[in-house]
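What follows is a single structure, written as structure tokens, with notes after it.
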Protein chains: 2
Amino acid sequence: MSAFDVSRIHDLGAAIPRDLNARTSSGAPCGACPVRGLTFCAPLEERELAEVARIVKHLTIPAGQPLFDEGEPARHVFSVTEGAMKVYKLLPDGRRQVTGFLFSGDFLGLAHNESYAYSAEAMVGTSLCRFGRSELEGLLERFPQMERRLLHMASHELAVAQDQMLLLGRKTAKEKIASFLLMLSRRQELRGQSANPIALPMSRTDIGDYLGLTTETVSRTFTQLKTAGEIALLSGNRVEVADSGGLARLAEGEGL
Amino acid sequence: MSAFDVSRIHDLGAAIPRDLNARTSSGAPCGACPVRGLTFCAPLEERELAEVARIVKHLTIPAGQPLFDEGEPARHVFSVTEGAMKVYKLLPDGRRQVTGFLFSGDFLGLAHNESYAYSAEAMVGTSLCRFGRSELEGLLERFPQMERRLLHMASHELAVAQDQMLLLGRKTAKEKIASFLLMLSRRQELRGQSANPIALPMSRTDIGDYLGLTTETVSRTFTQLKTAGEIALLSGNRVEVADSGGLARLAEGEGL
DNA sequence: CGGGAAGTTGAAGAGCGTCAAAAGTAGTGG
DNA sequence: CCACTACTTTTGACGCTCTTCAACTTCCCG
């Protein structure tokens with residue numbers, strides 16, 4: 001997966017213990033955060049950031065490692081600074097629904113009760129900021145603009161979730177894949193990357209579990225789109241979109 | 001639909017104009033609100049409630065009437081005080097996904113940008129509190145505990161949305177219907193009603209559009225559950241659950 | 001290189017959708 | 001009060017999309 005070569009991060013070794021007691025954020029903290037504008041730290045000023053830096057712990061996990069599991073006591077909230085994660089829920093018999101893919105700037109771990117409602121796992125080497133729940137709550141109390149920002153981000157997540165329900169409940173396999181590619185493309189743009197060669201850090205199984213399909217159907221649909229000239233499959237798990245307008249029409253069922 | 005005989009509400013007549021300029025909340029306002037404990041007004045004290053009363057407008061809409069449509073400028077936030085509503089999204093060709101059913105205590109209209117992300121329509125005669133967006137923001141600034149409560153409610157909505165994604169993406173028709181009935185039952189309890197005879201104010205089509213099924217499949221699955229002795233279909237669109245534990249196992253794919 | 005996982009392709013089957021018609025329910029007016 | 005109409009729900013027959021099971025191919029990483 002050359003498109004996700006964050007091996008600098010892996011180099012910490014796979015021996016990182018599950019309890020994630022990584023060293024506290026060292027050298028240049030929040031002030032230099034490259035994704036601050038995307039996070040709930042965005043509305044804070046320089047002086048206030050120092051308070052954040054005091055309670056945040058920076059940590060790094062290798063590809064494939066879980067961050068927390070559904071049902072675990074929700075002691076922390078996280079913000080992704082680099083890499084890619086998936087969050088998912090399981091049924092007793094093992095059926096899985098990936099409820100979201102997270103990239104730099106996204107947060108996870110907000111729980112309305114005492115335990116996490118889903119599991120989270122890194123798909124590539126990933127860096128995160130970790131906030132103790134009570135410390136963060138203290139911070140929110142002192143900086144209402146941060147709480148407002150968080151509410152705003154939660155509202156956005158809700159709108160995204162509703163789009164995903166429409167996709168899962170009413171779209172065909174082709175429409176699902178088209179929507180999925182467009183979503184990734186737009187998020188790349190939001191992070192300041194180019195829209196077009198789309199990087200896919202997740203497996204076909206993950207994509208299937210995100211779209212309510214099987215790996216086989218995902219694979220077949222990619223092939224169909226390729227044959228139709230809508231996309232090209234590049235090396236390193238990347239996809240080139242020929243005509244994003246056409247793909248957008250496909251995604252809404254106005255297939256050409 | 002005798003189970004939803006709120007004809008006192010209809011009695012205002014079907015002539016209520018679409019712009020919803022109902023009279024302002026009169027006589028006994030927020031202090032006497034029967035569902036306050038469920039809403040974002042819950043953490044406010046008597047004195048603070050007076051401020052809410054100043055900016056809120058109480059309105060009532062008859063069954064079948066839209067409250068707002070997807071894409072409309074989001075000028076208001078609403079809180080349901082009595083009745084039942086559905087919110088949904090549409091694809092260009094008319095396919096519909098109902099993203100939620102709302103009952104007393106639920107809020108709707110939170111938009112992260114300038115327009116509503118979904119349409120909302122009353123299923124029975126429904127009363128709501130309407131808040132101007134900017135007025136509400138002013139209130140949130142003055143009462144941070146209200147903003148915290150809203151964030152808490154949004155987190156809860158997010159968790160519910162993720163459950164629904166699991167349902168839509170990975171559950172069978174039978175599991176979907178079982179989950180749906182249990183959800184309605186639990187929400188009745190939360191509102192202080194009895195858990196068991198479950199009221200269904202929505203049509204089979206609405207249920208299908210909520211669960212990612214067709215009306216026919218919804219109807220067939222109800223029949224199956226009835227034949228299996230899991231439920232009984234009562235008059236007035238109500239359902240009696242024989243054994244909620246059994247239904248819960250069905251809902252999670254641990255079908256007996 | 002070589003072994004194992006991930007991805008692709010094929011054939012057959014199941015679950016749910018589609019189309020169609022019957023049965024039930026509600027509202028209206030004589 | 002009952003008949004008439006219109007809509008919703010239920011039931012049936014059939015078909016299609018996606019799944020399942022299986023084999024083959026490609027891609028990594030040691």
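What you are looking at is a predicted structure, and each value in this text was computed from that prediction instead of being measured. Both backbone and side-chain heavy atoms feed into the values below; hydrogens, waters and symmetry mates do not. A, B, ... follow the sequence lines: proteins, then strands. Residue 1 opens every chain.
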Taking the side chain of [X] as its heavy atoms from C-beta onward, which of [options] lies nearest to it?
| X | options | answer |
| --- | --- | --- |
| A/Leu213 | D/dT19, C/dC19, D/dT20 | D/dT19 |
| B/Thr214 | C/dG10, D/dT11, C/dT18 | C/dT18 |
| B/Arg204 | C/dT18, C/dC16, D/dT10 | D/dT10 |
| B/Thr217 | D/dT10, C/dT8, C/dC16 | C/dC16 |

So, B/Glu230 and B/Lys174, do they make that salt bridge, N to O below 4.0 Å? no
So, are A/Glu216 and A/Arg204 salt-bridged, with charged N and O less than 4.0 Å apart? no
Would you kindly give the [atom1]-to-[atom2] distance between [X] and [N], to the nearest whole Å?
| X | N | atom1 | atom2 | value |
| --- | --- | --- | --- | --- |
| A/Met202 | C/dA5 | CE | C1' | 19 Å |
| A/Lys226 | C/dG7 | NZ | P | 14 Å |
| B/Arg95 | C/dG17 | CZ | P | 13 Å |
| A/Glu216 | C/dA14 | CD | P | 17 Å |
| A/Leu234 | C/dG7 | CG | C1' | 16 Å |
| A/Phe222 | C/dT9 | CZ | P | 13 Å |
| A/Lys171 | C/dG17 | NZ | P | 18 Å |
| B/Ile177 | C/dC16 | CD1 | P | 11 Å |

Within the structure shown, what part of the strands sits under 4.0 Å from A/Gly212 by heavy-atom distance: base, sugar-phosphate, or nothing?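 Since only primed, P, OP1 and OP2 atoms lie under 4.0 Å of A/Gly212, the category is sugar-phosphate.
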Name the nucleic acid region contacted by A/Thr172, choosing base, sugar-phosphate or nothing; use a 4.0 angstrom heavy-atom cut-off, strictly under.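 Touches sugar-phosphate only.
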Once hydrogens and angles are ignored, does a donor-acceptor distance under 3.5 Å link the base of C/dG7 to the side chain of A/Arg220? no
Tell me whether B/Arg191 forms a cation-pi arrangement with B/Phe103, defined as NZ or CZ under 6.0 Å from the six-membered ring centre and within 45 degrees of its axis. yes
Starting at the 5' end of DNA chain D, which residue's closest nucleotide do you reach first, B/Arg170 or B/Thr223? B/Thr223
Taking the side chain as everything from C-beta on, heavy atoms only, tell me whether B/Thr126 gets closer than 4.5 Å to B/Leu67.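 Not touching, per the 4.5 Å side-chain cut-off.
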Is any side-chain heavy atom of A/Ile207 closer than 4.5 Å to a side-chain heavy atom of A/Tyr210? no
